[in-house]
Number of protein chains: 2
Amino acid sequence: MRLTRAGEYAVRCMIYLSHKGVGVLVSKQEIAERADIPTHFLAKIAQDLARAHLIEIRQGPKGGYSLLKDPAEVSLLEVVEVMIGEIYLNDCVGRPETCPASKRCAVHKVWEDARDQLRETLAGVSFAQLSEKESCIPVFPVHKKG
Amino acid sequence: MRLTRAGEYAVRCMIYLSHKGVGVLVSKQEIAERADIPTHFLAKIAQDLARAHLIEIRQGPKGGYSLLKDPAEVSLLEVVEVMIGEIYLNDCVGRPETCPASKRCAVHKVWEDARDQLRETLAGVSFAQLSEKESCIPVFPVHKKG
DNA sequence: ATATATGAGATATTAAATATCTTATTTATC
DNA sequence: GATAAATAAGATATTTAATATCTCATATAT
Ligand code: SF4
Ligand code: SF4
């Protein structure tokens with residue numbers, strides 16, 4: 001019942017890029033340092049974000065990542081689910097076929113409602129909102145390159 | 001972002017006992033079969049439920065488990081958290097010391113609110129309510145003993 | 001006393017998350 | 001075009017957690 005590190009890192013990456021604005025190219029190294037993400041792990045995460053058309057990856061010298069979509073149009077839910085798949089709290093909500101009772105189970109309904117409520121909450125938060133407010137980015141220590 | 005099997009099984013066990021009523025002794029075998037829980041796994045789960053004073057365990061011939069508390073006084077949240085610990089969706093909500101930004105992070109606040117909302121939803125459902133409605137129990141196939 | 005049923009903890013197995021490594025590709029600059 | 005800089009993509013470790021099972025101990029009805 002917790003977000004994976006990959007999910008958390010993806011959010012940080014998107015927040016950093018949202019601060020910079022749409023289309024602004026930022027190097028992987030800079031994001032990794034300022035958002036406190038292991039460099040190689042960020043590479044993997046960026047691939048997922050790019051596949052989802054949230055960011056664009058540019059190779060070569062002066063390469064890096066840039067935001068593709070207006071932060072106002074990107075929700076926290078979207079980024080989280082790109083990384084961990086659709087949220088469903090209990091297995092039977094995402095895969096009803098795994099439990100023969102799912103069609104008539106009172107507990108199932110509770111988990112379904114809770115899932116819907118959670119997804120709505122996360123869908124209601126955009127990266128524009130998040131980057132207007134105080135975020136984590138200024139807090140993380142800047143590490144030495146290496 | 002999903003419930004563990006142990007959590008799901010604990011809920012099933014509690015539902016089965018709620019159907020029987022407070023103080024009614026039911027054998028481990030019967031619960032394991034009717035609620036479709038691996039027998040040895042149920043033993044482990046029952047220990048946790050007993051430690052939390054939700055059920056009483058009786059050893060010896062004609063032993064088994066019995067409900068200790070009125071199902072109206074036991075919430076879904078309580079049983080789930082006995083098994084998986086306090087729900088917190090993102091690490092930093094349960095352990096703010098793991099992220100230096102937690103005090104001033106807009107994302108952190110979203111996860112906190114979502115966590116509170118989810119816990120409230122689960123706290124609002126009692127096992128009395130659940131056992132009044134249709135549940136999973138009549139659906140599971142009855143296996144042969146062995 | 002005996003047989004039955006569970007306790008409690010240890011151990012094994014499986015699966016997932018996390019992190020890193022290697023080889024390949026892209027592209028700015030010379 | 002050649003070179004060097006930066007990331008891609010996938011493979012491979014490593015770590016951690018979940019899941020399941022096993023073993024020896026304990027309780028109790030008969
Ligand atoms: S018993 Fe109900 S809550 Fe549990 S897995 Fe089946 S459908 Fe879901
Ligand atoms: S950056 Fe914010 S949301 Fe992410 S771990 Fe830190 S406090 Fe939590």
Side-chain angles (χ1 to χ4, degrees), chain A residues 1-13 17 25-33 35-52 55-66 80 82-85 87-91 94-95 98 143 145-146, chain B residues 1-13 17 25-33 35-66 68 80 82-85 87-91 94-95 98 145-146:
Chain A
M1 212 75 112
R2 59 179 254 285
L3 184 66
T4 61
R5 297 309 289 164
E8 164 65 22
Y9 293 152
V11 171
R12 288 189 197 172
C13 172
L17 290 174
L25 196 67
V26 187
S27 79
K28 180 173 74 170
Q29 292 305 323
E30 179 181 339
I31 300 171
E33 283 169 34
D36 206 20
I37 304 170
T39 311
H40 290 306
F41 204 171
L42 174 57
K44 217 167 168 321
I45 288 160
Q47 288 163 29
D48 292 336
L49 294 175
R51 248 190 300 273
I55 67 171
E56 192 171 51
I57 297 176
R58 175 128 183 189
Q59 293 193 54
K62 313 248 167 159
Y65 309 144
S66 67
V80 166
V82 163
M83 298 310 302
I84 68 172
I87 291 171
Y88 46 77
L89 299 185
N90 198 355
D91 274 0
R95 306 176 202 156
T98 58
H143 305 290
K145 283 209 185 194
Chain B
M1 213 76 115
R2 59 180 253 284
L3 185 66
T4 61
R5 296 310 288 163
E8 164 65 22
Y9 293 152
V11 171
R12 288 189 198 171
C13 172
L17 289 174
L25 196 66
V26 187
S27 80
K28 181 172 75 169
Q29 291 306 324
E30 179 180 340
I31 300 171
E33 281 169 34
D36 205 21
I37 304 170
T39 311
H40 290 306
F41 205 170
L42 174 58
K44 216 169 169 320
I45 287 160
Q47 288 163 29
D48 291 336
L49 294 175
R51 246 191 301 273
H53 306 294
L54 292 171
I55 68 171
E56 193 171 50
I57 298 176
R58 175 128 183 187
Q59 293 193 52
K62 315 250 168 159
Y65 308 145
S66 68
L68 215 44
V80 167
V82 162
M83 298 310 302
I84 68 171
I87 290 172
Y88 45 79
L89 299 185
N90 198 355
D91 274 359
R95 306 176 202 156
T98 59
K145 282 209 186 196

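Naming: A, B, ... by sequence-line order, numbering from 1 per chain.
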* To do: Treat primed atoms plus P, OP1 and OP2 as sugar-phosphate and everything else as base, then score nucleotides 1-15 of chain C 5' to 3': B for base contact with protein heavy atoms under 4.0 Å, S for sugar-phosphate contact only, - for none.
  => ---BBBSB-B-----
List the atom of [X], the atom of [Y], and the distance in Å for their closest heavy-atom pair.
X: Arg95(A); Y: Thr98(A); answer: O-OG1, 2.7 Å
X: Ile57(A); Y: Ala50(A); answer: CD1-CB, 3.6 Å
X: Ala52(A); Y: Val82(A); answer: CB-CG2, 3.6 Å
X: Ala43(B); Y: Lys28(B); answer: CB-NZ, 3.8 Å

* To do: Please list, chain by chain and in numerical order, all residues satisfying ring-ring contact (aromatic ring centres under 6.0 Å, His included) with Tyr9(B), sequence neighbours excluded.
  => Phe41(B)
How many whole angstroms separate atom [atom1] of [X] from atom [atom2] of [N]?
X: Arg5(A); N: dT20(C); atom1: CZ; atom2: C1'; answer: 17 Å
X: Arg12(B); N: dT19(D); atom1: CZ; atom2: P; answer: 12 Å
X: Ile45(A); N: dT7(D); atom1: CD1; atom2: P; answer: 15 Å
X: Glu8(B); N: dA20(D); atom1: CD; atom2: P; answer: 12 Å
X: Ile37(B); N: dA20(D); atom1: CD1; atom2: P; answer: 11 Å
X: Tyr9(A); N: dA17(C); atom1: OH; atom2: P; answer: 14 Å
X: Leu49(A); N: dT7(D); atom1: CG; atom2: P; answer: 15 Å
X: Leu25(A); N: dA6(D); atom1: CG; atom2: P; answer: 12 Å

* In a check of side chain to side chain contact (heavy atoms under 4.5 Å, CB included) between Glu8(B) and each of Ile37(B), Leu3(B), Ile45(B), Val80(B), which one passes? -> Leu3(B)
Enumerate the protein-to-nucleotides 13-17 of chain D contacts in which both atoms are nitrogen or oxygen and the separation is below 3.5 Å.
none

* Asked: Do Asp91(B) and Arg5(A) pass the side-chain contact (heavy atoms from CB on, under 4.5 Å) test, and can you show the C-alpha distance, the side-chain angles, and the key distance before you say yes or no?
  -> CA-CA 9 Å; Asp91(B) 274 359; Arg5(A) 297 309 289 164; 4.3 Å; yes
* What distance do Ile87(B) atom CD1 and Met1(A) atom CE have between them, rounded to the nearest 0.5 Å? -> 4.0 Å
* side-chain contact (heavy atoms from CB on, under 4.5 Å) between Tyr65(B) and Leu42(B): does it pass, once the steps are laid out? -> CA-CA 11 Å; Tyr65(B) 308 145; Leu42(B) 174 58; 4.1 Å; yes
